[in-house]
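Here is the structure we will look at, set down as structure tokens.
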Amino acid sequence: MTTQSITHASDNAHTEQIILDIDGMTCQACASRIEKVLNKKPAIVQADVNYANEVAQVQFDASQTNAEQIVAWVKKTGYEAKVQPQNALFAHEAHEQKAPYNLIAVWICLLPFLIGMAGMMMGSHALMPPLWLQFVLATIVQFGLAIPFYKSAWASIKGGLANMDVLVVLGTLTIWAYSTYSWLSYLHTTAQMGHDGMAHSMPHVYFEASVMVIAFVKMGKYLETRTKKHSLNSINLLLALTPEQVEVKNPNPQSQDAQWQTLPLEQVTAGQILRAKAGTRIATDGIVTAGEGWCDESHLTGESVPLSKKVGSPVLAGAMVENGSFEYQVTAKGSQTRLGDMIQALNDAQGSKAHIARIADKVAGIFVPVVVAIALLTFFANYWFLGAFDTALMRAVAVLVIACPCALGLATPAAIMAGMGVAARSGVWFKDAQALEAAGAIDTVVFDKTGTITQGKPQLSAAYLIDDNLKLFNLDKAALLQLVASVERHANHPLATTLVNYAKSYTKQTDTPQSPAAFTISHVETVLGQGIQAQVATIGRVKIGTPSFANLQLPAATIQANPVWQIASQVAVSINDTPVAAFALADELRQDSVKVIASLQAHHLDVVVMSGDKQSVVDYVGQQINASKALGELSPRDKAQRIDEWQQQGKKVAMVGDGVNDAPAMATATASFAVEGATDIAKHSATARLMGESLKHVDYAVKIARATLRNIKQNLFFAFIYNCLSIPLAAFGLLNPMIAAAAMALSSISVLLNALRLTRMKVIS
């Protein structure tokens, strides 16, 4: 049993989070009941129960309760719960599908009724089982094979919130009781008057209806469960990407044949050497130690282009070896791999709940009592106007059976599960359901410039040195570059990396004896949006950053002489507030940036570029990608403020960034995406992570999120319309209980099939 420690932002109390596997839920009302019970407990910070994948995510105050107590609370509501253990998703265990013996037995009992009804359709009543056999079969089903319905119904009633099984039990038990009463009355009257006196008046019994309703409902539940656990859940597909058996190098082989041995993957440990051949999948994360080949890592990055793997290259679990053969050393396995990280993230995200799901939750909370009231009204109204007890009863039962809160409960989580799976396979990792929902509603996309739209690997294109000021500190160009590199090594920015690399290259070219480490650096301070400053022994206070930060203004003649200064990022250097130099760093656009921006605009999204760089540079990049706005010279606070202003005006803004200075804007935006290689704080602030090198993943994310939202709305519409139309039809006698049961099962399956359409969505181009 494991828990995850987190900090709850609202009160800064130390809390823990657990994921519970819930067993016994039959509809959304069950999930709503568990949520309601848990969220009423003072020790619970937040509880979200997902009916589709049957898990509960619970945040709680560890000083007030523990996981065992939470499990006990869930069990008191009538459902089984157990804490999902760490690495449970990654254990290669044989999970055999249990044969549905109960369902098979119900359909065996139904078979004589089906034969009899087939005969009646052909005009013969001879094939219908005798009344005593109908009673026996119906009783076996009602009080034997249908016991799970009774248990679930009773548990939900004790919990204070009736579920779908209450409707099934009420309907079928009423049919059985009425039919039994009619049959026994017939037998009693026959015994008193003699067989001949009653031969012309057979009783009205509906044993076949009660059996058929239970059979159809059980079949619907079985198909629904299989669809949720196998077809909708992409986790199973991802888990299947790693082989169960691997070839492991024997460190001390007795012969050539014994050099390699086949072992189960769970027995492999870090440091061992594995062999990968063409057509097989990589079992763990590792480093190539011998041989070479090509691997398809699209399952993680969404990039379908195979990557070359040579000695020293990293390999990722689940990747397909398309060509070649090589050996690799295990660095991580199971949940510690990048694939494992994605599976765990997907599992957490699928267990979360979108805001739009609250609509269905509220309806499900009052659904069953309202349906029971409508059924009672149907009975009394029909009996009043028609005077036929059995007709009124059957119509009331049809109302009970046709009503289905399951379709409402599945509408949102089923689509979320499917959409999350497609996103993960396309290299987009949404943090939770709310993140996917938010991404589907955006109308504006804001891109950071450096490292996001551009490659983040600028090259030094020009240098401006103030020789007189450099002489004040006894520095030449080589020494200045070493000084700059010494300070910039403490910065986490692409421009800093460029200067450090250039200094190393210049040192080699000029055979300068000193190295950047020769300077003693202290009191390093990063000023967001401005630059970095530090105290350097024997030199003084060194500032490196924007020209204004370093008190430098480039002469107009210098800018006119070399136009690169107008479009490149300018990094200025000052010592003790005396400007000494400036560097022009030009950055190229990421591959496919222009194409991606055009695709986003084709989907009616406004594209904006924001940067702390000077306006002329941002304007130039904005023109290259045809952005609607290009805003430069913005601090991190300025970026966040602009986004907040647009959202106050009703816009839904997404921020795409990679750096520390993008974090405030990413946290402010409706949705946010951290690109591959982003800083940890950017990843933490983002609502989704993009795993590929290309900006195409932004386009993927938007397309998938929008398709998922459309699917959710279609499902909700179908579920609402189904109940709005079917209940009146049943009340007016246009649907008998048997057809109603089949239609009820079909409604849930239809919602799931619609969600399954998302799994076939192709977004990778």
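Annotation: K683, atom NZ; neighbour count of heavy atoms from other residues, nucleotides and ligands within 6.0 Å is above 12. Heavy-atom contacts from other residues, nucleotides or ligands closer than 6.0 Å to CZ of F732 number 12 or fewer.
In this structure, the separation between CD on Q434 and CG on D48 is 7.0 Å, given to the nearest 0.5 Å. Interatomic distance, OG of S726 versus CD1 of I721, reported as 10.5 Å (0.5 Å rounding). Here the straight-line distance linking atom CD of Q142 with atom CZ of F135 works out to 11.0 Å at 0.5 Å rounding. Residue R710 holds its CZ atom at 8.5 Å from CZ of R706, rounded to the nearest 0.5 Å. In this structure, F720 CZ and L725 CG are separated by 13.5 Å, a value rounded to the nearest 0.5 Å. Distance OG1/T378 to CE/M394: 13.5 Å, rounded to 0.5 Å.
By the 4.5 Å heavy-atom criterion applied to side chains, I214 and L145 are not counted as neighbours. Between N754 and R757, some side-chain heavy-atom pair lies under the 4.5 Å cut-off. I44 places a side-chain heavy atom less than 4.5 Å from the side chain of F60. Put simply, the side chain of W154 does not reach to within 4.5 Å of the side chain of F149, judged on heavy atoms. When side chains are defined from C-beta on, L114 counts as touching M212, because their heavy atoms get closer than 4.5 Å. Residues M691 and R338 meet the side-chain proximity criterion, which asks for heavy atoms closer than 4.5 Å.
Smallest separation of non-hydrogen atoms from L752 and A414: CD2-CB, 3.9 Å. Heavy atoms only, all atoms of each residue included: V428 and A701 are closest at CG1-CB, 3.8 Å. Across all non-hydrogen atoms, the minimal contact from I175 to Y206 is CG2-O, 3.1 Å. Across every non-hydrogen atom of A81 and V71, the tightest pair is O-CG1, 3.3 Å. Annotation for Y383 and A392: closest pair N-CB, 3.5 Å, computed over non-hydrogen atoms. Between N715 and A755, the shortest heavy-atom distance links the atoms ND2-CB, 4.3 Å.
The backbone N or O of K333 sits nowhere less than 3.5 Å from a side-chain atom of T284 that would complete a donor-acceptor pair. Between the side chain of T77 and the backbone N or O of V74 there is at least one donor-acceptor pair closer than 3.5 Å. For the pair K218 (side chain) and V106 (backbone), a donor-acceptor distance under 3.5 Å is absent. Although no hydrogens or angles enter the test, the distance criterion places no donor-acceptor pair under 3.5 Å between the side chain of E54 and the main chain of D23. Distance alone, capped at 3.5 Å, is enough to place a donor-acceptor pair between the R425 side chain and the T759 backbone. With hydrogens and angles disregarded, no donor-acceptor distance shorter than 3.5 Å links the side chain of D165 to the backbone of A153. Within the 3.5 Å criterion, the main-chain N or O of Q46 finds no donor-acceptor partner in the side chain of Q59. N39 contributes a side-chain N or O that, together with a main-chain N or O of A47, makes up a donor-acceptor pair within less than 3.5 Å. The closest donor-acceptor contact from the side chain of K431 to the backbone of A686 lies under 3.5 Å. A distance-only check finds a donor-acceptor pair linking the side chain of T687 to the backbone of S672 [under 3.5 Å].
Scanning for side chain to side chain contact (heavy atoms under 4.5 Å, CB included) contacts around Q64 gives P42, A43, D61, with sequence neighbours left out. For K703, the salt bridge (Lys or Arg N to Asp or Glu O under 4.0 Å) partners are D699, not counting sequence neighbours.
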- Message: Does L137 form a side chain to side chain contact (heavy atoms under 4.5 Å, CB included) with F207? I'd like the steps, not just the answer.
- Response: CA-CA 8 Å; L137 293 174; F207 289 120; over 6 Å; no
- Could you please spell out the steps behind the side chain to side chain contact (heavy atoms under 4.5 Å, CB included) verdict for L716 and T412? CA-CA 7 Å; L716 287 174; T412 299; 4.3 Å; yes
- Determine, stepwise, if the pair W183 / Y178 fulfils ring-ring contact (aromatic ring centres under 6.0 Å, His included). CA-CA 9 Å; W183 177 56; Y178 175 74; over 10 Å; no
- Message: Could you walk me through whether F113 and L110 satisfy the side chain to side chain contact (heavy atoms under 4.5 Å, CB included) test, starting with their C-alpha distance in whole Å, then the side-chain angles of each, then the deciding distance to 0.1 Å, before giving a yes or no?
- Response: CA-CA 5 Å; F113 291 106; L110 178 62; 4.1 Å; yes
- Task: For the pair V83 and L20, evaluate side chain to side chain contact (heavy atoms under 4.5 Å, CB included) and give the outcome as yes or no after the intermediate values.
- Result: CA-CA 5 Å; V83 177; L20 301 178; 3.7 Å; yes
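Ring centroids of Y181 and W176 are separated by 6.0 Å or more, keeping the two rings apart.
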Only distances under 3.5 Å count here; give the side-chain donor-acceptor pairs of residues 395-403 to other protein atoms, sequence neighbours excluded, each with its distance to 0.1 Å.
unit_1 : atom_1 : unit_2 : atom_2 : d
R395   : NH1    : N382   : OD1    : 2.6

